[in-house]
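Okay, so here's the structure we're looking at.
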Amino acid sequence: MLETAFLRNHPEEARKRLGKRNIDVEGLLGKAATLDEHRRGTQQKLDTELAAMNEQARVIGELMKTGKREEAEAAKAKTAELKERIARLKEDLALAEKALDEHLWAIPNTPQERVPNGKTPEDNVTVMQQGELPQLPANAKPHWELGAEYGLFSLEDGVKLTGAGFPVYHGQGAKLQRALIAFFLERAADAGYVEVMPPLMVNADSAFATGQLPDKEGQMYHAAADDLYLIPTAEVPITNLFRDTIVDAAQLPLKRVGHTPCFRREAGSYGKDVRGLNRVHQFDKVEIVRIEAPENSNTALEDMTNHVKGLLDALELPYRQLLLCGGDMGFTSAITYDMEVYAGAQKRWLEVSSISNFETYQSNRLKLRMRGADKKVQLAHTLNGSALALARIVAALLENNQGPEGIRIPAALRPYTGFSLIAKK
RNA sequence: GGAGAGGUGGCAGAGCGGUUGAAUGCGGCGGUCUUGAAAACCGCUUUGCCCGCAAGGGCAACGGGGGUUCGAAUCCCUCCCUCUCCGCCA
């Protein structure tokens with residue numbers, strides 16, 4: 001969430017930056033200012049009363065010690081009224097804090113200056129595009145047909161086991177998954193990311209700190225008996241590793257990578273966007289996370305983006321980089337690049353990575369701070385990006401590399417798959 | 001799942017109703033000494049919020065929450081977690 005100090009001290013900047021989003025900026029900021037003022041006022045009153053009470057207790061303590069029982073009892077009698085006022089103010093403060101926090105949670109992160117204005121995906125800016133779009137014959141098959149034909153994965157099997165949107169991978173299809181994961185992890189390790197294998201379920205505190213709660217509650221699977229959430233991305237457990245910590249600035253950046261399955265309810269989505277592996281409830285993803293000093297976070301964002309481009313180059317997939325507009329950006333992000341690959345048979349772009357700088361929006365909830373050379377403590381910046389999301393990569397690989405003899409595996413992946421072709425049966 | 005023990009500052013470890021945000025040791029930072037280093041000695045060493053230009057001041061926090069009391073790290077309730085033993089088990 002946004003920092004009250006920032007809203008208080010830089011209202012113009014907050015207004016300007018939030019203006020890129022499709023929201024009622026004036027209403028949200030006005031209310032935030034009112035609630036903040038009320039909270040501070042209430043705390044001031046409470047603190048004053050508490051100071052008076054502490055003084056009384058000190059005096060009574062002295063009297064008791066020196067054996068002046070009578071005077072002590074008299075002093076005690078006078079504290080009743082104070083006590084009552086304090087109790088009332090405490091309630092007021094709790095309510096004021098709750099109201100302010102809940103309101104703050106409802107305000108999204110402030111987009112950076114360079115984020116384009118806009119409301120829909122049409123307003124996103126294509127930063128660059130790389131690779132030739134494949135010229136496939138007219139009878140080229142979409143990946144779901146290829147998956148069935150070559151026995152690589154089955155959505156039907158998943159329906160039997162679980163429900164719609166839970167693919168089961170078979171044979172070379174399963175091995176291709178494993179190869180991609182290993183390849184991505186290896187490349188991340190080479191780039192200095194330390195591998196993490198986290199739990200796939202997190203508690204509410206974790207889900208809250210990275211911003212999945214309260215606003216995306218319905219998007220996560222929830223194990224009610226234990227009140228745990230299946231992670232929608234490794235971002236959640238990995239970033240939460242640093243919750244409630246103060247890191248030494250000299251140790252930054254902290255670079256982590258993790259592979260996990262990701263679980264998403266995707267409530268309300270249907271239609272042709274969800275055919276095959278385009279949108280499923282469980283998919284594998286390798287995620288990179290960085291904790292950075294504020295002055296370095298934007299450089300880190302570019303570095304992460306270049307890392308992802310390197311992966312896509314190696315996979316020989318045509319891709320493009322989008323700079324998301326204010327209206328299409330995630331709630332918690334200050335700037336986001338989406339990477340999309342072209343799936344030749346579907347003739348459409350599929351999002352395979354989303355790379356974001358959250359600045360202090362997450363770290364404020366995480367209480368993730370850094371101590372600089374000057375000993376001062378301040379919030380660190382968090383970033384993360386997919387590197388990469390599997391199911392859609394597989395979709396594009398299958399479609400683009402289909403040929404008369406089968407499906408060709410890009411050279412970079414062959415050491416991991418152990419085969420260079422998924423041959424026709 | 002059952003029984004017992006316990007959760008205090010970066011770590012170890014006191015405190016068990018009255019200037020205790022917290023003894024002591026280690027670690028860390030600064031200084032004296034030294035050609036340099038070590039040792040020794042001296043000082044400093046949590047975080048959040050609020051008021052203030054600042055200096056400074058106030059409030060809160062001893063696993064979380066609630067209660068008793070003029071006053072709680074210290075007493076009571078409750079939840080969570082850790083450890084030991086038993087049971088179960090990939």
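Every chain is numbered from 1 and lettered A, B, ... according to where its sequence line falls, protein lines coming before strand lines.
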Side chain to side chain, Met370(A) and Gln378(A), heavy atoms closer than 4.5 Å:
yes
Can you figure out which of rC49(B), rG71(B), rG18(B) approaches the side chain of Arg39(A) most closely?
rC49(B)
Select base, sugar-phosphate, or nothing to describe what Arg40(A) touches, counting heavy atoms under 4.0 Å on all strands.
sugar-phosphate
Would you kindly give the CG-to-P distance between Asp226(A) and rC81(B), to the nearest whole Å?
10 Å
Determine whether more than 12 heavy atoms belonging to other residues, nucleotides or ligands lie under 6.0 Å from atom NZ of Lys45(A).
no
So, do Leu277(A) and His143(A) sit near enough that their side-chain heavy atoms are less than 4.5 Å apart?
yes
Check this one for me: any side-chain N or O of Arg8(A) less than 4.0 Å away from OP1 or OP2 of rC50(B)?
yes
When both hydrogen-bonding distances must be under 3.5 Å and the geometry is Watson-Crick or G-U wobble, what is rG18(B) paired with, if anything?
rC70(B)
Could you give the distance separating rC26(B) and rU78(B) at their C1' atoms, to the nearest angstrom?
37 Å
Measuring only the C1' atom in each nucleotide, how far is rC44(B) from rC49(B)? A whole number of Å is fine.
25 Å
Using the P atom as the point on both nucleotides, what is the distance between rA55(B) and rG65(B), in whole Å?
31 Å
Atom-to-atom span, CD of Glu97(A) to P of rC50(B) - whole angstrom
10 Å
Should the heavy atoms of other residues, nucleotides or ligands under 6.0 Å from CZ of Arg114(A) be counted, would the total exceed 12?
yes
What distance, rounded to whole Å, do you find between the two C1' atoms, one in rG9(B) and one in rG63(B)?
14 Å
State the pairing partner of rG30(B); accept Watson-Crick or G-U wobble contacts with both distances under 3.5 Å, and report none otherwise.
rC42(B)
Output the rounded distance in Å from CG (Asp248(A)) to P (rC29(B)).
11 Å
Carboxylate-amine/guanidinium contact Asp328(A) Lys119(A), below 4.0 Å:
no
Any strand counts, and the cut-off is 3.5 Å on both contacts for Watson-Crick or G-U wobble. Which nucleotide pairs with rC53(B)?
none
Using the C1' atom on both, measure rC41(B) against rG52(B) and round to a whole Å.
39 Å
Can you tell me how far P of rG10(B) sits from CD1 of Ile246(A), to the nearest Å?
8 Å
To the nearest Å, give me how far apart CE (Met64(A)) and P (rC70(B)) are.
10 Å
So does Glu113(A) pair up with Lys16(A), basic N to acidic O under 4.0 Å?
yes
In whole angstroms, how far is the P atom of rC29(B) from the CZ atom of Arg371(A)?
13 Å
CD of Glu55(A) versus P of rG57(B): gap in Å, rounded?
15 Å
Whole-Å gap separating P (rC50(B)) and CD (Glu3(A)):
12 Å
Taking only the side-chain heavy atoms of Arg369(A) (C-beta and beyond), determine which of rC59(B), rC50(B), rU47(B) contains the nearest atom.
rU47(B)
Using the ring of Tyr416(A) (Phe, Tyr or Trp, six-membered ring only), decide whether Arg178(A) places NZ or CZ under 6.0 Å from its centre and within 45 degrees of its axis.
no
With rounding to the closest Å, how many angstrom separate the P atoms on rU47(B) and rU34(B)?
35 Å
Determine whether any donor atom in the side chain of Gln43(A) lies under 3.5 Å from an acceptor atom in the base of rC49(B), or the reverse, and answer yes or no.
yes
Could you measure between the two C1' atoms, the one in rA40(B) and the one in rC51(B), and give it in whole Å?
45 Å
I'd like a table of atom pairs between the protein and nucleotides 60-69 of chain B - only N or O on both sides, under 3.5 Å - with the distance next to each one.
residue	atom	partner	partner atom	Å
rA60(B)	OP2	Asn54(A)	ND2	3.4

Please give the nucleotide sitting opposite rA3(B) as a Watson-Crick or G-U wobble pair, both distances under 3.5 Å, or none.
rU84(B)
Strictly below 4.0 Å: does Gln44(A) bring a side-chain N or O up to OP1 or OP2 of rC51(B)?
yes
Taking any heavy-atom pair under 4.0 Å as a contact, classify Ala51(A): base, sugar-phosphate, or nothing.
sugar-phosphate
pair_partner(rC59(B)), Watson-Crick or wobble, both distances < 3.5 Å, evaluates to rG48(B)
Using Watson-Crick or G-U wobble geometry with both distances below 3.5 Å, tell me the partner of rC89(B), or none.
none
For rU35(B), the Watson-Crick or wobble partner whose two distances fall under 3.5 Å
none
Minimal heavy-atom distance between Met1(A) and Asp101(A), with the atoms involved, is CE-OD1, 4.3 Å
Say you pick atom P in rC81(B) and the same atom in rC76(B); how far apart are they, in whole Å?
22 Å
What do you reckon, is NZ of Lys424(A) surrounded by more than 12 foreign heavy atoms closer than 6.0 Å?
yes
Got more than 12 heavy atoms from elsewhere within 6.0 Å of NZ, Lys309(A)?
yes
Note: for Gln378(A) and Gly61(A) on RNA chain B, the residue whose nearest nucleotide lies more 5' is Gly61(A)
Could you check Ala57(A) against Val377(A) and say which one's nearest nucleotide on RNA chain B is further toward the 5' end?
Ala57(A)
